[in-house]
Trainee: 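Before anything else, here's the structure in question.
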Amino acid sequence: MQLVVGRIGRAHGIKGEVSVEVRTDEPELRLAPGAVLATDPAAVGPLTIETGRVHSGRLMLRFAGVKDRTGAEALRNVLLIAEIDPDERPEDPEEFYDHQLMDLDVVTVDGTEVGRITEISHLPHHDLLVVERPDGSEVLVPFVAEIVPEIDLELQRAVIDPPPGLLDEAEAETAGSGGKGDGEGGAVPA
């Protein structure tokens, strides 16, 4: 099974080093010196990590055979792909690989069927589960513990506790409802 673990960013310096946008919770395992990674596009790789360091909060890597800035710039936006055992699990029991979440049935805590996970969208602050409903519509579920309290890989299901409005817009609570500013009490416009 292949897992995208990073995307190469800009060249750094003149000796072939590049910044890397990390897309794994285990960079010390997947992006360590000596690791051989497939690439997308495939024609660029495989790439072997020669050195790695953190600089100003960003991971910097140097690959075997890439000795100058020109070579490093040619790698920009290349995806780094690690080969993993499909049965492998992250060390943290609260973490999951994308392929483990795909096609899980989604139900609410009271057992109501919501749909099936069709995609995981990675955002800067948290991930979103893209859930296809039985009618073909989609709902985006923030993948945070308060909303997704349980993932059961054996039963192939994700249990969600959706806040009002997540699954049904009619239930959404709007700012100002039931308080000042909604026409009841408060200042009268001049």
Trainee: Which atoms form the tightest heavy-atom contact between Val66 and Arg62, and what is the distance?
Mentor: O-CG, 4.1 Å
Trainee: Just checking, is any N or O donor in the side chain of Ser137 or Asp135 under 3.5 Å from an acceptor N or O on the other one?
Mentor: yes
Trainee: Quick check on the hydrophobic clustering: are Phe143 and Ile120 connected, directly or via other members, by side-chain heavy-atom contacts under 4.5 Å?
Mentor: yes
Trainee: Are Asn77 and Arg7 packed together at the side-chain level, in the sense that at least one heavy-atom pair is separated by less than 4.5 angstrom?
Mentor: yes
Trainee: Less than 4.5 Å apart, side chain to side chain, heavy atoms only: is that true for Pro46 and Val36?
Mentor: yes
Trainee: Can Val4 be reached from Met102 by stepping across I, L, V, M, F, W or Y side chains whose heavy atoms are under 4.5 Å apart?
Mentor: no
Trainee: Checking side-chain contact (heavy atoms from CB on, under 4.5 Å) for the pair Leu166/Ile147: CA distance, chi angles, key distance, verdict?
Mentor: CA-CA 10 Å; Leu166 183 68; Ile147 298 174; 4.1 Å; yes
Trainee: Between Leu75 and Phe63, is the side-chain contact (heavy atoms from CB on, under 4.5 Å) condition met? List the steps.
Mentor: CA-CA 10 Å; Leu75 297 175; Phe63 298 100; 3.9 Å; yes
Trainee: Minimum heavy-atom separation for Pro41 and Val78, please, with both atom names.
Mentor: CD-CG2, 4.2 Å
Trainee: Measure the spacing between CD of Glu150 and CG of Asp161 and express it to the nearest 0.5 Å.
Mentor: 11.5 Å
Trainee: Charged N to carboxylate O below 4.0 Å: is that the case for Asp105 and Arg116?
Mentor: yes
Trainee: More than 12 heavy atoms of other residues, nucleotides or ligands under 6.0 Å from CD1 of Ile14: yes or no?
Mentor: no
Trainee: Just verifying a value: how many Å separate Ile8 CD1 and Leu79 CG, rounded to the nearest 0.5 Å?
Mentor: 8.5 Å
Trainee: Output yes when Arg53 and Glu17 qualify as a salt bridge under the 4.0 Å nitrogen-oxygen rule, no when they do not.
Mentor: yes
Trainee: Quick one, Thr108 with Asp110, criterion side-chain hydrogen bond (donor to acceptor under 3.5 Å, both in side chains). Give me CA distance, side-chain angles, the key distance, then yes/no.
Mentor: CA-CA 5 Å; Thr108 61; Asp110 66 6; 2.3 Å; yes
Trainee: Going by an N to O cut-off under 4.0 Å, is there a salt bridge joining Glu83 and Arg30?
Mentor: no
Trainee: Out of Leu80, Leu61, Ile81, which residue meets the side-chain contact (heavy atoms from CB on, under 4.5 Å) rule with Leu37?
Mentor: Leu80
Trainee: Between the side chain of Asp152 and the main-chain N/O of Glu154, is any donor-acceptor distance below 3.5 Å?
Mentor: yes
Trainee: Show your reasoning for whether side-chain contact (heavy atoms from CB on, under 4.5 Å) applies to Leu129 and Val148.
Mentor: CA-CA 10 Å; Leu129 303 177; Val148 186; 4.2 Å; yes
Trainee: Quick one: closest heavy-atom pair of Pro149 and Val159, and the distance?
Mentor: CD-O, 3.1 Å
Trainee: Around atom NZ of Lys67, are there more than 12 heavy atoms from other residues, nucleotides or ligands closer than 6.0 Å?
Mentor: yes
Trainee: Could you tell me whether the side chain of Glu50 reaches within less than 4.5 Å of the side chain of Pro33, counting heavy atoms only?
Mentor: no
Trainee: Counting only N and O atoms by type, is there a donor-acceptor contact under 3.5 Å from the side chain of Ser19 to the main-chain atoms of Arg10?
Mentor: yes
Trainee: Among the clusters formed by ILVMFWY side chains lying less than 4.5 Å apart, do Val144 and Val139 turn up in the same one?
Mentor: yes
Trainee: Please say yes or no: joined through hydrophobic side-chain contacts below 4.5 Å, possibly via intermediate residues, are Val107 and Val131 part of one cluster?
Mentor: no
Trainee: Indicate the atoms forming the closest heavy-atom contact of Val18 with Ala72, along with that distance.
Mentor: CG1-CB, 3.5 Å
Trainee: Nearest 0.5 angstrom please: Arg133 CZ to Thr118 OG1, how far?
Mentor: 12.5 Å
Trainee: Taking all non-hydrogen atoms of both residues into account, name the closest pair between Gly13 and Arg69 and its distance.
Mentor: O-NH1, 2.8 Å
Trainee: Nearest heavy-atom pair of Leu153 and Gln100: which atoms, and what distance?
Mentor: CD2-O, 3.5 Å
Trainee: Can you tell me how far the CD atom of Glu73 sits from the CG atom of Asp68, to the nearest 0.5 Å?
Mentor: 9.0 Å
Trainee: Walk me through it: do Ile117 and Val106 pass the test side-chain contact (heavy atoms from CB on, under 4.5 Å)?
Mentor: CA-CA 7 Å; Ile117 298 172; Val106 179; 3.5 Å; yes
Trainee: So, taking the atom named CD in Glu132 and the one named CD in Glu138, what distance separates them when rounded to the nearest 0.5 Å?
Mentor: 6.5 Å
